[in-house]
Structure formats: C-alpha cells, structure tokens
Engineer: 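This structure is in structure tokens; I'll ask about it shortly.
Residue numbers start at 1 and run along the sequence shown.
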Amino acid sequence: MDSPPAPAPGGPPPVRPARWGAGAPWPGRAELRADLRGSLVLAGVLLLAGLPAGLVWWALAPRATFEVTADGPVPVGAPSVELLVADDGVYTLVLAGLGLGAGLVAWRLRRRRGVATVLALAVGTVLASLVAWQVGELLGAGPSPAELATVGTRVITPLRLGSPAALAVAPFLAVLAYVVSTLLTAAEDLDRPDPAPARPPAGGPLPETTAAEDALSA
C-alpha cells in the first residue's frame, strides 16, 4: 500500500511590512521634505496677497459722510442702514475670492501636490486675511479727535471688521477648493509627476540601466 506523500517543507514565514505607526519611518516624509521650499514660497506669496486684498476692501466698502456741527456730527444725505454690516460683507466677498483663487492655483502646481501644499494654503490664507484686515482698517482709520472737534469739518466713518469669524473664510474656501480638486482626480498619486532620476557623480560609474542602453545603441 502506497504511503501518503510527505508534506513539502514549508518556506520561511511571510514577512509583514513594517507600519510607520509602529516605529517605521513615515513614507510621506521625503515628499514633505521635497515640497518644503515650494510650500514656504506659496505661503509667502499668499501673505503678500493680503496687501491688495486690504486695498480692495478699503476701496469697495461703502462709507458715510458726516458734518461736524455744534450739536455733534450730522449725516450728510441719507446713509444706508446696511452700513453696519457692509464692512463685513465686502471683506467676506474679497477674501472668499482670494481663497478660491489660491486653492485652484495651488492645485495647478502638479509637482507640489500633497500635504505640504495644503498646510501652506491654510497658513498662507490665514496670514493674508490678517494682513488684509489690518491694511483696510489702517487706510480707513476714520476721523481724528481734532477733526471731530472742528465745527464745519466733514468726516467719513471708519472701516471696521465687526465679525472676526470672517477671517476663516479664505482658508476654508482655499482648502475646500483643493480637496474637491483632489477628489475629482482618479490617479492615486494626484497626477503628480515622478521625480527625476538622480544623476551619477562626475567621473563615477554609470547606472546599470544607462550602461545597458549604451550597449543596445552601439
């Protein structure tokens, strides 16, 4: 009677890949390091974009004119009752446009698509919002105490941001535009181009692939 075949010797147990949470290095560290310089530039450009945004807010926000009399300031004409919320409304629209534009422009930077760009977008638009706020209020500071004490002087109401929550509009819309563009991309690598191959040092040996290509072309 034939004996059953002996079981084949088992191979080495499968090795599970190390998880970065268990002590292995995070695989995205190299990508962050490569994008660090570009992300700092992006955040700096957005910071400077707060200057024209503040100028636009100051130019578009409606103002009311008052004439100083012996009984106090008197409005000239019929000021709109919406002036109390007009400053916040114009500021929100200006910063919303800045945030959407920043998110879409950052998505066009194919070589820098990743976590670092999202962080630069958030930080840069927050800084731009703060700069626009300060620039607008500095330009629209309103009348001085000496002007308010001079009878016959016409003064303009100051520019003020009444709702600090408007500072979150630009970073929210910038990140939202970037994330929506990410969700609409089918490629897992976000259509980011592959890094260029490293060049061999001068006078050093050529890589094997280059040597093989030279042999085929000879």
Engineer: Are Leu51 and Leu167 joined in one hydrophobic group, where the rule is that I, L, V, M, F, W and Y side chains link up if heavy atoms are under 4.5 Å apart?
Structural biologist: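 Yes; Leu167 is reachable from Leu51 via cluster members.
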Engineer: Do Leu138 and Trp57 belong together in a cluster built from hydrophobic side chains that touch within less than 4.5 Å?
Structural biologist: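 In one cluster with Leu138: Trp57, no.
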Engineer: Which pair of non-hydrogen atoms, one from Pro171 and one from Thr125, has the smallest distance, and what is that distance?
Structural biologist: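 Shortest heavy-atom contact: CA-OG1, 3.1 Å.
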Engineer: Flag the pair Val126 / Leu46 as yes when at least one side-chain heavy-atom distance between them is below 4.5 Å, and no otherwise.
Structural biologist: no
Engineer: Show the nearest heavy-atom pair for residues Ser129 and Tyr91, with the distance to one decimal.
Structural biologist: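 It is O-OH, 2.7 Å.
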Engineer: To check you understand the geometry: which heavy-atom pair defines the closest contact between Ala120 and Ser39, and what is its length?
Structural biologist: CB-O, 3.3 Å
Engineer: In sequence, state the C-alpha distance, the side-chain angles, and the governing distance for Trp107 and Thr182, and then conclude on side-chain contact (heavy atoms from CB on, under 4.5 Å).
Structural biologist: CA-CA 8 Å; Trp107 176 251; Thr182 302; 3.4 Å; yes
Engineer: Compare every heavy atom of Pro62 with every heavy atom of Val90, then report the nearest pair and how far apart it is.
Structural biologist: CG2-CD, 4.2 Å
Engineer: Should Leu100 and Leu184 be regarded as members of a common hydrophobic cluster, given that ILVMFWY residues are connected when their side-chain heavy atoms come within less than 4.5 Å of each other, either directly or indirectly?
Structural biologist: yes
Engineer: How close do Asp88 and Gly162 get, heavy atom to heavy atom, and via which atoms?
Structural biologist: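 So the minimum-distance heavy-atom pair works out to OD1-N, 2.8 Å.
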Engineer: What is the distance from atom CG of Leu55 to atom CG of Leu139, rounded to the nearest 0.5 Å?
Structural biologist: 6.0 Å
Engineer: How long is the straight-line distance from CG of Leu93 back to CG of Leu98, given to the nearest 0.5 Å?
Structural biologist: 12.5 Å
Engineer: Tell me, do Trp58 and Val94 make a side-chain contact under 4.5 Å, heavy atoms counted?
Structural biologist: no
Engineer: Quick one: do Val135 and Leu47 end up in the same hydrophobic cluster if we chain Ile, Leu, Val, Met, Phe, Trp and Tyr together by side-chain heavy atoms under 4.5 Å apart?
Structural biologist: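 They do share one cluster, since a chain of ILVMFWY contacts under 4.5 Å joins Val135 to Leu47.
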Engineer: Just wondering, do Trp133 and Leu130 contact through their side chains at under 4.5 Å, heavy atoms?
Structural biologist: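 Yes, at least one pair of side-chain atoms sits under 4.5 Å.
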Engineer: Output the distance between atom CG (Leu173) and atom CG (Leu95), rounded to the nearest 0.5 Å.
Structural biologist: 9.5 Å
Engineer: Which value, rounded to the nearest 0.5 Å, describes the distance between Leu176 atom CG and Leu121 atom CG?
Structural biologist: 11.5 Å
Engineer: So which heavy atom on Leu161 is nearest to which on Glu137, and how close?
Structural biologist: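 For Leu161 and Glu137, the tightest heavy-atom pair comes out as N-OE2, 3.0 Å.
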Engineer: Side chains of Tyr178 and Val118: does their closest heavy-atom pair fall under 4.5 Å?
Structural biologist: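 Tyr178 vs Val118: side chains touch.
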Engineer: Out of curiosity, Thr92 OG1 to Asp87 CG, how far, rounded to the nearest 0.5 Å?
Structural biologist: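 Reported to 0.5 Å precision, the distance equals 10.5 Å.
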Engineer: Leu42 versus Thr117: any side-chain heavy-atom pair under 4.5 Å?
Structural biologist: yes
